Amino acid sequence: MALVRVALGARSYDILIEQGALDRAGTILAPYARKGRLVVVTDANVAKAQLPRLDASLRAADIAVEPIILPPGEQTKSWRHLEQLLDALLALEIERGDHIVALGGGVIGDLVGFAASILKRGCHFIQVPTTLLAQVDSSVGGKTAINAKAGKNLIGSFYQPALVLIDPSTLDSLPLRETRAGYAEVVKYGLIDDPAFFAWCDANAAALLAGDPDARTYAIERSVQAKAAIVADDERETSGRRALLNLGHTFGHALEADTGFSDTLLHGEGVAAGMALAFRYSARLGLCPADEADRVTAHLQAVGLPHDLASAHVQADGAELVGHMLHDKKMAAGTLPFLLARGIGQTFLSKDVVLDDVATFLDTDRA
Ligand code: NAD
Ligand code: GLY
């Protein structure tokens, strides 16, 4: 079993990664099962595909499982489902010493984390992520949230889990499109500051997406090591280091907004196209060698991810997309910080980007 520590003083925790870990969860989670029970929150898809494994393993260790099953999908990160979840947890007489288990993708992890942060002024929670996106990104680092009418992830907290337990074999039941979308967040770590990992991704993405257990486990381990180091350095995104994790997200958010945050473009797909755009825009500004930007585009295209406006199914022109960017929650004092790159593995935060120029670039890039 690989172990990665997130070093945050009193809020430190371990990330455990092991193929088949779900079938050993009874042993691993026993110390967290106060009074011999664990409440497990999941969604209906994961309940069908993975809950039976967790349930069997916990029961074999004499741990009673209280499941709470929510509908799948982004709309579950809402006030309505938060209230429903909190009421269900209170009905189960959850106490502050209890641990709530979040079994699922980023939707379940973000919602359960937020619920745990406010229930009885803070209960413990454990992340058991079952999508690649959640295994390499959202389950680590303590960002929790629900969505508001005004936008995504606008209501939430920083609240760290007590443990993250990752079993790469849970991805066996995940649709390939979701795995591919999560892969965008894997290759992101290479593009940010690790060219050797980008080269590994270039050579191994096909095996990873085909379900090779070693490739999956290695990619997850490298990704959470990178994220744990960044979170330990800048837990609340104040120094600018954690902001590097938003590579591709400003362009991506505009593309997601244009496609209505729908199944037309999954979050990871928007990030993929956003990263390609960020590299090509950096090349246009003369910051990044054009051949490096081309390598990024070619890699994303080769794995079947969107890499431009057309493949992201975006109809809007540059001005409309920049209009979406103006509502980005990173907008501060009329400036939108942008992640640009001097090359693969050389991402940096720029506050000098002129949005009119971005609009022109987007129109040129489409042509
Ligand atoms: P998701 O949780 O909606 O899961 C995607 C789909 O896969 C769902 O239909 C789900 O039911 C299904 N699923 C999950 N695991 C499965 C499995 N093993 N087998 C079969 N089906 C399975 O989506 P996601 O991509 O995991 O997460 C997206 C969310 O994560 C967004 O709300 C985003 O805002 C959030 N996010 C948060 C952070 C953070 O740092 N907190 C970072 C990135 C993204
Ligand atoms: N996914 C971005 C972050 O955790 O900061």
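Numbering of ligands and ligand atoms starts at 1, following listing order. Worth saying up front: this structure is predicted, and the values here are computed from it rather than measured. Computed over heavy atoms, backbone and side chain alike; hydrogens, waters and symmetry mates excluded.
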Examine Leu339 and Leu245 and state if one hydrophobic cluster contains both, with Ile, Leu, Val, Met, Phe, Trp and Tyr joined whenever side-chain heavy atoms are less than 4.5 Å apart. yes
Applying side-chain hydrogen bond (donor to acceptor under 3.5 Å, both in side chains), which residue pairs with at least one partner in residues 153-164 are found, sequence neighbours left out? Tyr13-Gln160, Lys77-Asn153, Ser117-Ser157, Thr144-Ser157, Gln160-Glu235
Looking at ligand 1, does any of its N/O atoms fall within less than 3.5 Å of an N/O of Val140? no
Could you identify the single nearest non-hydrogen protein atom to atom 30 (O) of ligand 1 and state the distance to 0.1 Å? Gly106 CA, 3.3 Å
Taken to the nearest 0.5 Å, the spacing of Gln301 CD from Leu305 CG works out to 10.5 Å
Could you tell me which atoms of ligand 1, counted from 1 in the order shown, lie closer than 4.0 angstrom to a heavy atom of Val46? 13 (N), 14 (C), 15 (N), 16 (C), 22 (C)
Identify every side-chain donor-acceptor pair in residues 190-204 under 3.5 Å, counting partners at least two apart or on other chains, and give the distances.
from   : atom 1 : to     : atom 2 : distance (Å)
Asp194 : OD1    : Phe197 : N      : 3.1
Asp194 : OD1    : Arg222 : NH2    : 3.3
Asp194 : OD2    : Arg222 : NH2    : 2.8
Asp202 : OD1    : His299 : ND1    : 2.7
Asn204 : ND2    : Trp200 : O      : 2.9

Quick one: does Lys227 get within less than 4.0 Å of ligand 1, heavy atoms only? yes
For Asp110, which part has a heavy atom under 4.0 Å from ligand 1: side chain, backbone, both, or neither? side chain
Tell me whether Ala49 has any N or O atom under 3.5 angstrom from an N or O of ligand 1. no
What atoms of ligand 1 come closer than 4.0 angstrom to any heavy atom of Lys77? 31 (C), 32 (O), 33 (C), 34 (O), 35 (C)
Would you say the side chain of Val187 lies within less than 4.5 Å of the side chain of Leu300, judging by non-hydrogen atoms? yes
Check: Glu178 and Leu171 side chains under 4.5 Å, non-hydrogen atoms: no
Under the salt bridge (Lys or Arg N to Asp or Glu O under 4.0 Å) rule, what pairs show up with a residue in residues 262-278, not counting sequence neighbours? Arg177-Glu269
Just to be sure I read this right, does ligand 1 sit under 4.0 Å from the backbone of Gln75, its side chain, both, or neither, counting only heavy atoms? neither
Any N/O of Lys143 closer than 3.5 Å to an N/O of ligand 1? yes
Single-linkage hydrophobic cluster Leu92~Leu58, side-chain heavy atoms < 4.5 angstrom: no
Under 4.0 Å from ligand 1, counting heavy atoms only, is it the side chain of Asn153, its backbone, both or neither? side chain
Does any N or O of ligand 1 fall below 3.5 Å from an N or O anywhere on His267, backbone included? no
Under 3.5 Å, N or O to N or O, is Thr144 touching ligand 1 that way? no
Counting heavy atoms under 4.0 Å, the part of Val107 that contacts ligand 1 is both
Of the non-hydrogen atoms in Ala341 and Leu287, which two are nearest, and what is the gap between them? O-CB, 3.8 Å
Kindly indicate whether the side chain of Leu336, heavy atoms from C-beta on, has any atom under 4.5 Å from the side chain of Lys351. no
Distance filter under 4.0 Å to Asn45 heavy atoms, resulting ligand 1 atoms: 9 (O), 10 (C), 11 (O)
Tell me: protein heavy atom nearest atom 14 (C) of ligand 1, and distance? Thr131 CG2, 3.3 Å
To check your reading of the model: name the closest protein heavy atom to atom 16 (C) of ligand 1, its residue, and the distance in Å. Leu174 CD1, 3.5 Å
Among all protein heavy atoms in this structure, tell me which lies nearest to atom 38 (C) of ligand 1, with the distance rounded to 0.1 Å. Ser138 CB, 3.2 Å
Atoms of ligand 1 less than 4.0 Å from Asp43 heavy atoms? 10 (C), 11 (O)
Quick one: ligand 2 N/O to protein N/O pairs below 3.5 Å?
from     : atom 1 : to     : atom 2 : distance (Å)
ligand 2 : 1 (N)  : Asp137 : OD1    : 3.0
ligand 2 : 1 (N)  : Asp137 : OD2    : 3.3
ligand 2 : 4 (O)  : Lys227 : NZ     : 2.5
ligand 2 : 4 (O)  : Arg242 : NH2    : 2.8
ligand 2 : 5 (O)  : Lys143 : NZ     : 2.9
ligand 2 : 5 (O)  : Arg242 : NE     : 2.7
ligand 2 : 5 (O)  : Arg242 : NH2    : 3.4

Euclidean distance, Leu89 CG relative to Asp87 CG, rounded to 0.5 Å: 9.0 Å
Within the structure, does Ser173 bring an N/O atom to less than 3.5 angstrom of an N/O atom in ligand 1? yes
For Pro72, atoms of ligand 1 separated by under 4.0 Å from a heavy atom: 11 (O)
For residues Leu255 and His324, determine if any side-chain heavy atom of one lies less than 4.5 Å from a side-chain heavy atom of the other. no
Any idea which part of Glu178 is under 4.0 Å from ligand 1, heavy-atom wise: side chain, backbone, both or neither? side chain
If we set the cut-off at 4.0 Å for heavy atoms, which region of Leu133 has an atom near ligand 1: side chain, backbone, both, or neither? side chain
Going only through I, L, V, M, F, W and Y residues with side-chain contacts under 4.5 Å, is there a path from Val40 to Leu85? no
Out of all atoms in ligand 1, which are within 4.0 Å of some heavy atom of Asp137? Include the element for each. 42 (C), 43 (C)
Just by modelled atom types, is the Leu70 backbone N or O under 3.5 Å from a matching donor or acceptor in the Asp43 side chain? no
Per-residue contact class, Glu74 against ligand 1 - non-hydrogen pairs under 4.0 Å: side chain
Quick one: closest heavy-atom pair of Val136 and Tyr189, and the distance? O-OH, 2.6 Å
Measuring from Thr76:OG1 to Leu82:CG, what's the distance to the nearest 0.5 Å? 11.5 Å
Heavy atoms, side chains only, cut-off 4.5 Å: are Arg24 and Glu18 in contact? yes
Check for me whether the distance between the ring centres of Phe261 and His253 falls short of 6.0 Å. yes
Just to confirm my output: which protein heavy-atom neighbour is closest to atom 15 (N) of ligand 1, and how far is it? Thr130 OG1, 2.7 Å
